[in-house]
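Let me begin by presenting the structure, written as structure tokens, before commenting on it.
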Amino acid sequence: MQWFVDFVKILYNGLYSFMIYFNNVSKIYNKDSVALDDVTLTVTAGEFVSIVGHSGAGKSTLIKMILADDKPSNGTVFFESVDVHKLKSGDLTKLRRKIGAVFQDFKLLSNKTAYENIAFAMEAAGKSDEEIASDVPHVLDLVDLSSRTHHFPNQMSGGEQQRLAIARAIINQPELIIADEPTGNLDPINTFEVIQILKKINDLGTTVILTTHNRGVIDSVGKRVITMEKGKIIRDDKDGKYII
Ligand code: ADP
């Protein structure tokens, strides 16, 4: 009977064009460490979802499940009706091309300039030299980094490096941007700028999932907020509240 319940849930979610669907997902690393505890969650295309919670609440584990960096102990994670943990490696690469990821520590290539960091991501996705020459200046302009085109990461501030990481994440036009604590290393002004860019990207149609424990960030986004505690979703607010 469980298969029938799952089928109806998927059909129901399909009608509402879900992008991501967690169906009773748990991740148990060991009996003292339940990272996700029976999480059911839907993210619709076009949403901006902030995931908040104290350190250890399960936010990063939830992100890892979407990127298929780790397998759930129980339950299923769907990306547009595909069970991401059943994908073979070629299809997994295709899935990951639909997702741009941004992390707290930027993960830029230190021996490449801003331009080259983005060009490298385009080459990896099989883009032509003409596309690279035309798109890289455009995306650097979008994140207000035109003046840093030929700078290396260590010649740029933390905020500029994170804006470059965002530019690299969006260059291949992913459907989803995942930003895992992107402002964790930034001061309030740079934090504000990074959040404004994520909002702009969302306004242009890309779905955004952001994890943070910064109350100010949540207030400035003002969209859906999911609150996690001990691996569970304890609140899901449409209007940007951070209550823990
Ligand atoms: P958050 O991102 O909210 O800080 P995490 O998802 O990183 O939380 O961690 C949730 C829980 O799972 C924590 O108790 C953490 O110690 C545990 N955990 C995360 N990754 C592992 C791992 N690879 N092995 C064992 N326990 C882990």
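Model, not experiment: these values are computed from the prediction. Whatever order the structure lists ligands and atoms in, that order sets their numbers, starting from 1.
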Check for a donor-acceptor pair, side chain of Ser157 on one end and backbone N or O of Glu160 on the other, with a separation under 3.5 Å.
-> yes

Protein heavy atom at shortest distance from atom 10 (C) of ligand 1 = Gly56 O, 3.3 Å

Identity of the nearest option to atom 2 (O) of ligand 1, non-hydrogen atoms only, from Gly58, Gly53, Ser60 = Ser60

Per-residue contact class, Ala35 against ligand 1 - non-hydrogen pairs under 4.0 Å | both

Sidechain N-carboxylate O distance under 4.0 Å for Lys200, Asp203 = no

Atoms in ligand 1 with a heavy atom of Ala57 nearer than 4.0 Å | 1 (P), 3 (O), 8 (O)

Based purely on interatomic distance, does Lys59 place a nitrogen or oxygen under 3.5 Å from a nitrogen or oxygen of ligand 1?
-> yes

If you look at every heavy atom in Ile234 and Glu229, which pair is closest and at what distance?
-> CD1-OE1, 3.6 Å

Looking only at non-hydrogen atoms, find the nearest pair between Lys98 and Pro174 and report the distance.
-> O-CB, 3.4 Å

List the closest protein heavy-atom neighbour of atom 17 (C) of ligand 1: residue, atom name, distance to the nearest 0.1 Å.
-> Ser33 OG, 3.2 Å

Judged by atom type as modelled, is there a donor-acceptor pair below 3.5 Å linking the side chain of Arg168 to the main-chain atoms of Val102?
-> no

closest protein heavy atom to atom 20 (N) of ligand 1 is Tyr29 CE1, 3.3 Å

Would you say the side-chain atoms of Ser73 pair up with the backbone N or O of Ile28, donor to acceptor, closer than 3.5 Å?
-> yes

Please confirm whether the backbone N or O of Lys112 pairs with a side-chain atom of Asn117, one donor and one acceptor, at under 3.5 Å?
-> yes

Proximal ligand 1 atoms for His54, defined as those under 4.0 Å from one of its heavy atoms = 3 (O)

Which heavy atom of the protein is the closest neighbour of atom 5 (P) of ligand 1, given with residue, atom name and distance?
-> Thr61 OG1, 3.7 Å

